[in-house]
Amino acid sequence: MPEAIAFAEYGPPEVLEAVSLPRPEPGPGQVLVAVRAAGVNPLDWKLRGGAMAAVMPLALPHVPGLELAGTVDALGEGVEGLAVGEEVFGKARGAYAAYALAEADRLVRRPEDLDPVPAAGLPVAAEAAYRALEQLRLTGGETLLVHGAAGAVGSMAAQFARARGARVLGTASAQAQDRVRELGAEAVVYGEGVAERLRAAAPEGVDAALDTSGADVLGLSAALAGGTGRVLSLVDPVAAERHGVRFSAGTPGEDRTAAALEQVLVLHRAGTLALPVPATLPLAEAAEAHRWGERGGSGGKLLLLVG
């Protein structure tokens with residue numbers, strides 16, 4: 001098992017290679033986590049390929065990975081509420097490694113009955129979904145349209161919205177309709193004719209719309225929502241600007257990780273948390289995980305098994 005996977009130059013998945021790194025030391029407010037599983041996200045391969053180099057330059061070599069589940073190994077100065085040996089999950093930096101650093105406020109304790117493998121794939125999607133609903137100001141009794149409701153972010157948004165007492169319409173493929181219904185949403189098949197199907201499901205329109213699909217649906221969403229004020233994209237800044245709707249990129253000042261993970265735990269304790277079905281590979285096969293993700297062929301959340 002490699003100590004970490006890193007890339008020393010931008011490029012295709014082949015630039016990912018096993019490396020030996022010194023064990024990190026947690027600074028003030030930080031936690032060192034012995035990683036058991038790490039999530040694989042689109043930003044990982046966008047950073048590796050150099051697509052984000054102009055806006056997010058990296059110090060190379062860079063260890064990818066934004067989320068994990070694992071065991072607290074060491075605490076930095078000022079960290080309270082966590083102890084060495086506790087099981088946690090949350091957002092981190094450099095999660096494709098045996099050990100990774102995380103800010104203490106982006107971790108929560110993992111309950112014993114929440115498996116670390118799906119848990120490792122929840123933080124990024126949960127934070128994005130929670131942030132989006134906050135920015136859309138969604139409240140109980142309203143109707144939310146979620147495009148891509150069967151995906152990682154869309155499924156969390158649907159669950160969080162239902163927990164707020166909102167009605168949710170969720171678009172997804174014909175094959176994923178049952179998955180959307182399991183989330184408590186009303187499933188609508190996307191693709192040709194989706195506008196008519198949505199208008200039939202919500203003749204009076206919707207209160208807010210969230211796009212997690214990037215499928216050129218922002219104009220339709222604005223029409224259904226009666227304007228652009230409560231339409232948000234998490235995936236397509238160019239289309240968002242063209243249609244005059246908000247794009248949320250999750251800048252540090254917008255991060256809602258702590259609140260999002262607490263909501264995940266609320267759903268888990270209630271027995272209603274619907275977890276994504278993970279596809280797993282060992283850490284040494286991180287390059288294959290990137291190829292798989294870029295092809296869109298995972299059929300679920302991709303996770304790397306580390307410890």
Side-chain angles (χ1 to χ4, degrees), residues 41-43 46 122 124-139 142-164 166-250 256 260 274 276-277 293 296 298-301:
N41 291 280
L43 183 58
K46 290 177 183 177
L122 290 173
V124 167
E127 190 282 327
Y130 189 92
R131 168 172 28 97
L133 298 193
E134 288 290 289
Q135 292 171 343
L136 287 170
R137 308 181 308 281
L138 187 74
T139 61
E142 294 189 313
T143 297
L144 172 70
L145 168 60
V146 179
H147 293 287
V153 178
S155 65
M156 292 308 307
Q159 293 179 78
F160 288 167
R162 292 291 295 135
R164 294 184 183 207
R167 177 194 181 199
V168 178
L169 302 178
T171 68
S173 68
Q175 295 77 16
Q177 297 292 288
D178 287 344
R179 163 70 175 165
V180 174
R181 295 187 189 99
E182 289 171 0
L183 304 172
E186 298 171 40
V188 178
V189 178
Y190 64 45
E192 185 177 354
V194 66
E196 291 73 20
R197 290 188 289 275
L198 285 169
R199 290 190 177 99
E204 298 179 1
V206 300
D207 297 290
L210 170 63
D211 179 29
T212 71
S213 71
D216 192 22
V217 291
L218 295 179
L220 169 62
S221 298
L224 291 167
T228 59
R230 297 183 70 191
V231 178
L232 185 146
S233 173
L234 288 170
V235 291
D236 196 339
V238 174
E241 183 175 7
R242 183 170 70 250
H243 290 282
V245 307
R246 182 169 185 171
F247 172 74
S248 181
R256 305 285 204 283
V277 178
S298 70
K301 179 72 182 189

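Treat the numbers as computed from the prediction; the structure is a model and nothing was measured.
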For [X], give me all partners under side-chain contact (heavy atoms from CB on, under 4.5 Å), at least two apart in sequence or on another chain.
{"X": "Ala172", "value": "Ala150, Ala176, Gln177, Val180"}
{"X": "Thr228", "value": "Ala222, Val245"}
{"X": "Ala129", "value": "Val153, Met156, Ala157, Phe160"}
{"X": "Ala195", "value": "Arg199, Leu220"}

Considering only residues two or more places apart or on different chains, which pairs with a residue in residues 143-160 satisfy salt bridge (charged side-chain N to carboxylate O under 4.0 Å, His left out)?
none

Contacts satisfying salt bridge (charged side-chain N to carboxylate O under 4.0 Å, His left out) that involve residues 204-215 (not counting sequence neighbours) are none

Not counting sequence neighbours, which residues clear salt bridge (Lys or Arg N to Asp or Glu O under 4.0 Å) with [X]? List them please.
{"X": "Arg162", "answer": "none"}
{"X": "Arg137", "answer": "none"}
{"X": "Arg164", "answer": "Glu134"}
{"X": "Arg181", "answer": "Asp178"}

Counterpart residues, side chain to side chain donor-acceptor pair (under 3.5 Å), relative to Ser233 (two or more places apart):
none

Between side-chain atoms of residues 183-191 and protein atoms elsewhere (two or more places apart, or another chain), which donor-acceptor pairs fall under 3.5 Å?
| unit_1 | atom_1 | unit_2 | atom_2 | d |
| --- | --- | --- | --- | --- |
| Glu186 | OE1 | Arg167 | NH2 | 3.0 |
| Glu186 | OE2 | Arg167 | NE | 2.7 |

